[in-house]
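Below: the structure, in structure tokens.
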Amino acid sequence: MPALIADMVASGITAQDPELWGEKSVSEASIRLGWVEAVSVSAPLVPAINALREQLTAAGITRIVLAGMGGSSLAPEVITRTAGVPLVILDSTAPGQVLAALDGDENGTLEQTALVVSSKSGSTVETDSQRRAFEVAFRDLGIDPAERIIVVTDPGSPLDVSAREAGYVVFNADPNVGGRYSALTAFGLVPSGLAGADIETLLREADSALLEVSIDSHDNPALRLGAAIGGSLNGTRKDKLALVPDGTPIVGLPDWIEQLIAESTGKEGTGILPVVLTSLSPEVDETPHDVQVVRLVEDAEHLRLFERHKGEILVSGSLGAQMVLWEYATVIAGRLLGINPFDQPDVESAKVAARSLLDARPEQAPAAFVEDGVEVRATEAALTASGTLKGTLDALYAALPEDGYVSIQAYVNRLEFPQLEGLRDMIAADTHRPVTFGWGPRFLHSTGQYHKGGPAQGVFLQILEASDVDVEIPERPFTFGQLIQAQAAGDAAVLAEHGRPVVSVTLRDSGDDVLDLFQAVDD
């Protein structure tokens with residue numbers, strides 16, 4: 001803290017000083033600090049968003065779908081869930097989930113749906129594929145897509161150009177803001193406002209916190225939080241951050257924080273691994289030595305940060321204020337770690353591997369074995385040597401280093417398999433180590449950076465589904481089913497190249513096979 005205050009780090013962030021993270025980070029930081037003035041830049045968007053919402057409502061639109069990945073979807077998800085307004089988040093390439101978004105729900109049919117397409121460039125394969133599917137579906141109903149599709153993108157991007165040519169409504173965001181820092185820009189505000197959230201209050205909450213996080217003082221909660229999660233005590237640093245909702249009225253905030261911190265800090269062999277937990281998770285009851293617990297507590301009016309017994313950190317505040325707090329704290333932690341918190345050098349590797357597999361279309365490697373309909377594969381033959389699912393999982397856990405973690409990656413339709421999240425606590429209780437859970441391919445745009453760029457501590461369990469359901473992607477030579485399979489295989493290959501062990505299980509029969517998987521984990 002004394003060094004951060006003496007170096008005027010907080011006021012330097014507010015002044016958008018790109019030199020705070022060292023010479024090697026200057027070029028990137030100089031074009032990625034626009035988020036510190038997002039409140040003032042975004043305020044003029046509010047009337048336009050509210051007017052468009054009224055226009056859509058008058059046209060009979062009762063349902064908003066958001067096609068976006070990572071920072072484009074996680075912020076709107078927490079904003080709308082906290083506000084209690086419906087927003088369909090389409091951040092998956094699982095065919096069943098795409099079909100569900102196209103089919104409609106209790107809030108409206110496809111005829112009553114508008115789609116928000118959010119992407120800085122428009123080149124994100126998931127979002128591009130989702131947009132294509134909706135365009136064709138609208139046309140099949142005799143609806144002009146220009147009447148139903150709203151685009152959020154950077155000015156002058158390929159998507160910006162093509163969307164304007166197609167006659168779509170376009171909102172431009174500040175290009176000097178990276179995706180994970182874009183919560184208070186058009187990427188967070190447009191879909192949330194169209195869904196019915198009070199975005200004007202959100203910005204007001206954020207504005208109220210700006211003065212607190214900008215002062216170079218011991219009273220600055222962002223400096224204190226950044227020092228606590230990124231600094232060390234007596235030469236020892238806790239490099240895993242347990243995020244525990246404990247009475248907070250904000251719904252889903254840890255998932256947004258997870259991407260912000262993991263993608264910002266997980267690189268150059270270091271980083272902070274966020275672990276999203278509940279108050280009943282094993283890591284909270286018996287906290288591992290390298291885990292820092294942060295509880296998000298009830299008071300949503302005042303931005304406060306304080307410590308209680310066992311070194312736990314308690315954080316309270318409104319949603320807008322906490323978004324500002326965690327953004328500042330994350331880049332402060334990045335300075336303490338000696339890394340650039342604005343790049344994501346390892347995210348592209350999984351995308352390249354997936355594209356290569358889609359181009360080559362190789363035959364899938366045969367399963368090492370099949371148990372009760374569950375196909376089992378691994379990146380290392382020794383992991384499957386037992387010939388049993390339980391033995392394979394035990395071998396995976398045995399590969400955990402003392403400071404390791406388990407990452408569960410579910411490349412499935414999360415609407416159909418929500419119970420898979422229950423595996424997280426079961427494995428944590430079994431291994432006595434932190435366990436993360438991510439829906440694929442969504443996590444590739446968040447914790448995926450940490451998995452490959454952070455410390456070599458992780459072991460990985462992929463869960464896939466063999467489904468008869470598939471959806472064509474218009475004007476593309478592959479389907480959504482082939483895309484998600486390639487994304488899983490591509491990421492496994494890149495993890496293996498980095499020396500990370502991966503076990504992949506494919507569920508052939510959704511209901512029975514999930515039970516078999518739970519049984520193997522429980523044995």
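Positions are given from 1 along the sequence. What you are looking at is a predicted structure, and each value in this text was computed from that prediction instead of being measured.
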Indicate whether any N or O donor in one side chain lies under 3.5 Å from an N or O acceptor in the other, for [X] and [Y].
{"X": "Arg414", "Y": "Ser92", "answer": "no"}
{"X": "Ser214", "Y": "Thr14", "answer": "yes"}
{"X": "Ser504", "Y": "Tyr411", "answer": "no"}

In terms of heavy-atom contacts, does CD of Glu200 have more than 12 from other residues, nucleotides or ligands at under 6.0 Å? no
Other residues, nucleotides, ligands: >12 heavy atoms within 6.0 Å of Met8 CE: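 It does not: Met8 CE has 12 such atoms or fewer within range.
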Determine which pairs satisfy salt bridge (charged side-chain N to carboxylate O under 4.0 Å, His left out) with at least one residue from [range], sequence neighbours left out, and list them in order.
{"range": "residues 432-449", "answer": "Glu77-Arg442, Asp91-Arg442, Asp290-Arg433"}
{"range": "residues 152-161", "answer": "Lys120-Asp154, Asp160-Arg164"}
{"range": "residues 6-17", "answer": "Asp7-Arg335"}

Qualifying side chain to side chain donor-acceptor pair (under 3.5 Å) pairs with a residue from residues 242-253, counting only residues at least two apart or across chains: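 Residue pairs with at least one partner in residues 242-253: Asp246-Arg295.
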Do any N or O atoms from the side chain of [X] and from the backbone of [Y] form a donor-acceptor pair under 3.5 angstrom?
{"X": "Gln462", "Y": "Ala488", "result": "yes"}
{"X": "Gln487", "Y": "Ala350", "result": "no"}
{"X": "Thr185", "Y": "Phe187", "result": "yes"}
{"X": "Trp256", "Y": "Met323", "result": "no"}

Does this structure show an ion pair linking [X] with [Y], if we count only N-O contacts that are shorter than 4.0 Å?
{"X": "Asp207", "Y": "Arg204", "result": "no"}
{"X": "Lys452", "Y": "Asp491", "result": "yes"}
{"X": "Glu348", "Y": "Arg355", "result": "yes"}

How would you list, by chain and number, every residue that makes a salt bridge (Lys or Arg N to Asp or Glu O under 4.0 Å) with [X], sequence neighbours excluded?
{"X": "Lys351", "result": "none"}
{"X": "Glu307", "result": "none"}
{"X": "Glu268", "result": "Lys24"}
{"X": "Glu298", "result": "none"}

Should the ring pair His451 and Phe443 be called parallel, tilted or perpendicular, given that the plane angle runs from 0 to 90° and is split at 30 and 60?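 Tilted.
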Aromatic plane relationship, Phe460 with Tyr405 - under 30° parallel, 30 to 60° tilted, over 60° perpendicular: perpendicular
Could you report the tightest heavy-atom contact between [X] and [Y], atom names first, then the distance?
{"X": "Ala173", "Y": "Pro155", "value": "O-CD, 3.1 Å"}
{"X": "Ala10", "Y": "Asn220", "value": "CB-ND2, 3.4 Å"}
{"X": "Val177", "Y": "Gly34", "value": "CG2-C, 3.6 Å"}

Rounded to the nearest 0.5 Å, how far does [atom2] of [Y] lie from [atom1] of [X]?
{"X": "Leu115", "Y": "Ile149", "atom1": "CG", "atom2": "CD1", "value": "5.5 Å"}
{"X": "Tyr168", "Y": "Thr153", "atom1": "OH", "atom2": "OG1", "value": "13.5 Å"}
{"X": "Trp35", "Y": "Phe342", "atom1": "CH2", "atom2": "CZ", "value": "6.0 Å"}
{"X": "Asp430", "Y": "Asp425", "atom1": "CG", "atom2": "CG", "value": "12.5 Å"}
{"X": "Ile261", "Y": "Trp326", "atom1": "CD1", "atom2": "CH2", "value": "5.0 Å"}
{"X": "Leu253", "Y": "Glu258", "atom1": "CG", "atom2": "CD", "value": "11.5 Å"}

Check the pair Leu189 / Leu203 against side-chain contact (heavy atoms from CB on, under 4.5 Å), numbers first and verdict last. CA-CA 9 Å; Leu189 300 179; Leu203 290 177; 4.0 Å; yes
Walk me through it: do Arg32 and Val331 pass the test side-chain contact (heavy atoms from CB on, under 4.5 Å)? CA-CA 11 Å; Arg32 286 291 177 259; Val331 299; over 6 Å; no
Holding to side-chain contact (heavy atoms from CB on, under 4.5 Å), I want the full list of residues that pass it with Arg237, two or more places apart in sequence or in another chain. Ser232, Asp239, Thr270, Ile272, Leu337
Apply side-chain contact (heavy atoms from CB on, under 4.5 Å) to Val36 and list each qualifying residue two or more places apart in sequence or on a separate chain.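 Listed in chain order: Ile13, Gln16, Tyr328.
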Tell me which pairs pass ring pair (Phe, Tyr, Trp, His ring centres under 6.0 Å) where either residue lies in residues 214-246, with sequence neighbours left out. none
Check step by step if side-chain contact (heavy atoms from CB on, under 4.5 Å) holds for Ile250 and Leu296. CA-CA 9 Å; Ile250 303 172; Leu296 306 173; over 6 Å; no
Extract all donor-acceptor atom pairs below 3.5 Å that involve side chains of residues 39-49 and protein atoms in other chains or at least two apart in sequence.
from  : atom 1 : to     : atom 2 : distance (Å)
Ser40 : OG     : Glu37  : O      : 3.1
Ser42 : OG     : Ala38  : O      : 2.8
Ser42 : OG     : Leu184 : O      : 2.6

Identify which one of Lys238, Arg424, Lys240 satisfies the salt bridge (charged side-chain N to carboxylate O under 4.0 Å, His left out) criterion when paired with Glu283.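 The passing option is Arg424.
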